[in-house]
Amino acid sequence: MDAETTAMVQRAEVLLEALPYIRAFQGKTLVIKYGGAAMEQADLKDQFAKDVLLLKLVGMRPVIVHGGGPQIGAMRVTDAETVEIVEMVLVGKINKEIVGLINLHGGRAVGLSGKDGSLLRARKRMHRQADGTMADIGLVGEVEAVNPEPIRVLEENGFIPVIAPVGVGAGGETYNINADLVAGDVAAALFAEKLIHLTDVQGIKGEDGTHVSTLTKREAERLIKSNVIDGGMLPKVESSLRALSGGAQKAHIIDGRRPHAILLEVLTKEGIGTEIVL
């Protein structure tokens with residue numbers, strides 16, 4: 001074969017490698033926590049939208065939960081006025097941008113706030129301070145319950161749900177919720193095949209500082225207790241453990257800075273990042 005034909009055959013072989021994964025995950029829900037560089041860099045935003053659409057077109061059911069990005073990352077929510085600004089940024093700007101980008105490439109995405117259809121019922125989350133005491137920092141919440149029905153209705157009608165991490169309290173108050181934790185609770189409620197966290201690191205590092213490709217739930221809990229897993233990685237691992245405990249099959253923490261990171265994780269034998277399993 002000449003060089004051109006060889007290159008074409010190699011491309012066909014890449015597609016064939018994906019075939020068993022397409023078959024295995026057809027009709028299955030994949031919850032994707034979208035954040036970090038993947039959500040901030042223009043070239044990665046476009047790739048993400050196309051990758052999600054590809055998963056949808058081959059028969060999978062992607063559900064996206066997004067964070068707030070740098071726009072609200074430094075905000076400390078303390079009152080109703082500030083949480084209103086957060087909601088405006090999350091729902092009115094970021095959510096609509098993600099939905100618009102997927103739809104631009106031919107998808108059928110629909111934006112949801114946790115307030116829509118009582119999707120996310122929330123309660124106040126206390127903040128643990130450095131001295132170990134708990135502090136009330138206002139309308140920062142945690143998920144009390146997920147109503148999966150609005151997501152299921154969209155999935156069954158061919159839409160891609162895009163969820164902003166805003167919940168509603170028992171008194172109708174709005175809560176800003178950590179998007180990592182929302183993703184885990186949503187994955188559990190949907191009995192998702194996979195929960196995939198896009199991050200800005202390769203994955204989880206073990207006690208010796210080297211990358212760990214697979215962790216069991218028990219091993220992850222041990223690394224948390226020994227403070228090997230801490231900082232920004234902690235809510236992602238906690239989210240993964242909650243998803244697995246609630247019925248999700250696998251959780252993955254991958255580097256969203258890598259081009260087509262989701263496709264590499266879902267459609268190849270090797271995968272990337274760290275997978276957490278029961």
Side-chain angles (χ1 to χ4, degrees), residues 29-36 38-39 63-69 72-77 83 86-87 89-91 94-95 112-116 118-128 134-148 150-151 161-170 173-192 194-201 204 215 217 220-221 223-225 229-254 256 273-274 276:
T29 295
L30 311 179
V31 175
I32 302 165
K33 163 52 183 33
Y34 180 43
M39 198 172 82
V63 174
I64 300 164
V65 177
H66 65 84
I72 64 171
M75 276 192 184
R76 297 294 296 272
V77 178
V83 83
V86 170
E87 183 177 15
V89 173
L90 282 169
V91 181
I94 297 173
N95 190 277
L112 290 172
S113 154
K115 297 165 104 174
D116 295 323
S118 300
L119 175 59
L120 299 177
R121 192 167 76 240
R123 62 183 171 225
K124 184 183 290 290
R125 180 182 176 94
M126 302 298 283
H127 175 69
R128 184 178 295 279
M134 304 302 288
D136 183 345
I137 57 171
L139 292 168
V140 174
E142 61 184 3
V143 177
E144 188 172 50
V146 176
N147 173 18
I151 302 173
V162 181
I163 301 167
V166 175
V168 62
E173 66 275 24
T174 300
Y175 283 103
N176 178 28
I177 311 174
N178 182 301
D180 291 335
L181 299 180
V182 169
D185 287 318
V186 167
L190 296 172
F191 300 99
K194 291 180 182 289
L195 165 63
I196 303 171
H197 281 276
L198 295 178
T199 70
D200 289 347
V201 295
I204 296 173
L215 274 178
K217 183 173 179 286
E221 288 169 343
L223 291 177
I224 291 172
K225 285 180 182 176
I229 294 173
D230 60 5
M233 185 58 72
L234 186 57
K236 293 172 176 56
V237 176
E238 288 179 343
S239 163
S240 300
L241 297 181
R242 285 160 76 162
L244 292 171
S245 297
Q249 297 301 303
K250 279 188 179 181
H252 305 263
I253 297 174
I254 67 175
T274 300
I276 305 176

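Values reported hereafter were calculated over all heavy atoms of this structure, with side chains retained and with hydrogens, waters and symmetry mates removed.
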**Student:** Is any side-chain heavy atom of His66 closer than 4.5 Å to one of Asn95?
**Tutor:** yes
**Student:** What are the two closest non-hydrogen atoms of Leu90 and Pro165, and how far apart are they?
**Tutor:** CD2-CD, 4.0 Å
**Student:** Excluding sequence neighbours, so at least two apart, what forms salt bridge (charged side-chain N to carboxylate O under 4.0 Å, His left out) with Glu221?
**Tutor:** Lys217
**Student:** With heavy-atom distances below 4.5 Å as the criterion, would you say the side chains of Ser239 and His197 are in contact?
**Tutor:** yes
**Student:** Are the side chain of Thr174 and the backbone N or O of Val168 linked by a donor-acceptor pair below 3.5 Å?
**Tutor:** no
**Student:** Does the side chain of Val146 reach to within under 4.5 Å of the side chain of Leu120, using non-hydrogen atoms?
**Tutor:** yes
**Student:** Look only at the side chain of Ser240 and the backbone of Ala251, and say whether a donor-acceptor pair between them is shorter than 3.5 Å.
**Tutor:** no
**Student:** Looking at Val83 and Asn176, what are the two nearest heavy atoms and their distance?
**Tutor:** CG2-N, 3.9 Å
**Student:** Shortest non-hydrogen contact from Asp116 to Pro150?
**Tutor:** O-CG, 4.2 Å
**Student:** Quick one: CD on Glu238 to CD1 on Ile229, what's the gap to the nearest 0.5 Å?
**Tutor:** 9.5 Å
**Student:** List for me each residue that meets ring pair (Phe, Tyr, Trp, His ring centres under 6.0 Å) alongside Tyr175, sequence neighbours excluded, and say none if there are none.
**Tutor:** none
**Student:** Would a 4.5 Å heavy-atom cut-off, applied to side chains only, mark Arg123 and Glu142 as touching?
**Tutor:** yes
**Student:** Could you tell me which non-hydrogen atom of Ile177 sits nearest to which non-hydrogen atom of Gly141, and how far apart they are?
**Tutor:** CG2-O, 3.5 Å
**Student:** Using 0.5 Å steps for rounding, measure from the CD1 atom of Ile32 to the NE2 atom of His252.
**Tutor:** 11.0 Å
**Student:** Kindly indicate whether the side chain of Leu241, heavy atoms from C-beta on, has any atom under 4.5 Å from the side chain of Ile224.
**Tutor:** yes
**Student:** Report yes if the side chains of Leu223 and Val237 come closer than 4.5 Å at any heavy-atom pair, otherwise no.
**Tutor:** no
**Student:** For the residue pair Val182 and Val143, establish whether any side-chain heavy-atom pair is separated by less than 4.5 Å.
**Tutor:** yes
**Student:** Testing the basics here: between Leu198 and Ala38, what is the closest heavy-atom pair and its distance to 0.1 Å?
**Tutor:** CD1-CB, 4.2 Å
**Student:** Less than 4.5 Å apart, any side-chain heavy atom of Met233 and any of Ile253?
**Tutor:** yes
**Student:** How far does CD1 of Ile196 sit from CD1 of Ile64, to the nearest 0.5 angstrom?
**Tutor:** 11.0 Å
**Student:** According to side chain to side chain contact (heavy atoms under 4.5 Å, CB included), who are the partners of Asp200, at least two apart in sequence or on a separate chain?
**Tutor:** Ala37, Arg257
**Student:** Indicate the atoms forming the closest heavy-atom contact of Ile204 with Ile276, along with that distance.
**Tutor:** CD1-CD1, 4.0 Å
**Student:** How many angstroms lie between CG in Asp180 and NZ in Lys33, if you round to the nearest 0.5 Å?
**Tutor:** 4.0 Å
